[in-house]
Amino acid sequence: TQLLEQSPQFLSIQEGENLTVYCNSSSVFSSLQWYRQEPGEGPVLLVTVVTGGEVKKLKRLTFQFGDARKDSSLHITAAQPGDTGLYLCAGPARGNEKLTFGTGTRLTIIP
Amino acid sequence: EAQVTQNPRYLITVTGKKLTVTCSQNMNHEYMSWYRQDPGLGLRQIYYSMNVEVTDKGDVPEGYKVSRKEKRNFPLILESPSPNQTSLYFCASSLSRSADTQYFGPGTRLTVL
């Protein structure tokens with residue numbers, strides 16, 4: 001059973017469009033991390049959200065942590081080809097040192 | 001430069017031939033872990049270590065061993081590799097716990113024939 005479900009699994013859109021990807025769970029997480037992974041490389045952290053309802057912005061990327069700390073979303077405004085990659089959410093379940101990753105959203109931005 | 005290194009980057013081997021994938025970090029991190037990444041299954045944690053001589057199973061530990069004799073090194077050992085261990089493996093480290101930022105190595109692509 002996957003603790004963190006990400007949707008959509010694949011997303012291909014034109015440059016300049018907006019998009020949102022989701023990370024959902026039935027479990028409560030003390031925090032959630034978002035990573036981006038490019039081909040041939042390991043994931044790189046984009047942001048960590050900690051407080052329920054928290055919103056963090058990273059240039060054109062907006063991350064939100066759900067009020068109940070069971071879900072998160074990533075919104076990209078005016079997508080660019082450089083945003084192409086695999087987006088992963090991850091979190092340690094409460095009282096657990098194991099870090100669980102979602103299955104990821106593979107995003108392709110078409111120039 | 002702060003980094004996590006893994007070796008080898010690519011490895012093709014045969015069933016049953018013991019192998020070790022090395023992982024080293026130069027950030028003085030306490031927490032280290034190994035993941036495998038498979039299509040449709042995402043990143044799954046194999047083992048983690050919260051400090052020297054302290055290791056624990058992740059979600060998919062069967063068929064793997066690890067050791068943490070020094071803070072900087074965390075090798076992954078496959079005593080008798082099997083084809084279902086063909087995968088992309090990542091080592092990661094973080095300051096002190098899983099909730100801290102994970103720094104990943106570049107990955108090791110392993111094929112077991």
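Naming: A, B, ... by sequence-line order, numbering from 1 per chain. These numbers come from the heavy atoms of this one structure, side chains and all, not from hydrogens, waters or symmetry mates.
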Connected via hydrophobic side-chain network under 4.5 Å: A:L61 and A:L107: yes
Cluster check B:W34, B:I77: I/L/V/M/F/W/Y, side chain < 4.5 angstrom: no
Region of A:Q6 in contact with chain B, defined by heavy-atom distances below 4.5 Å: neither
Gap between atom OH of B:Y35 and atom CZ of A:F101 - 0.5 Å precision: 4.5 Å
Per-residue contact mode, B:Q102 against chain A (heavy atom under 4.5 angstrom): both
Residue part contacting chain B, namely of A:L86, when any heavy atom lies under 4.5 Å: side chain
Heavy-atom proximity to chain A below 4.5 Å, by part of B:D100: backbone
Chain B contact via A:E41 - which portion, at a heavy-atom distance below 4.5 Å: backbone
Region of B:R9 in contact with chain A, defined by heavy-atom distances below 4.5 Å: side chain
Under 4.5 Å from a heavy atom of chain A, the part of B:Q6 involved: neither
Co-membership, hydrophobic cluster, residues A:Y87 and A:L11, 4.5 Å side-chain: yes
Steps toward side-chain contact (heavy atoms from CB on, under 4.5 Å) verdict (A:L99, B:Y48): CA-CA 9 Å; A:L99 189 65; B:Y48 64 94; over 6 Å; no
Under 3.5 Å donor-acceptor, A:Q33 side chain and B:A99 backbone: yes
Common cluster, B:F90/A:Y35, ILVMFWY with side-chain heavy-atom separation under 4.5 Å: yes
Cluster overlap A:L74 with A:L58, hydrophobic side-chain contacts below 4.5 Å: yes
B:F104 versus A:G42, closest heavy-atom pair with distance: CB-CA, 4.0 Å
Gap separating the CG atom of A:L45 from the OH atom of B:Y103, nearest 0.5 angstrom: 7.5 Å
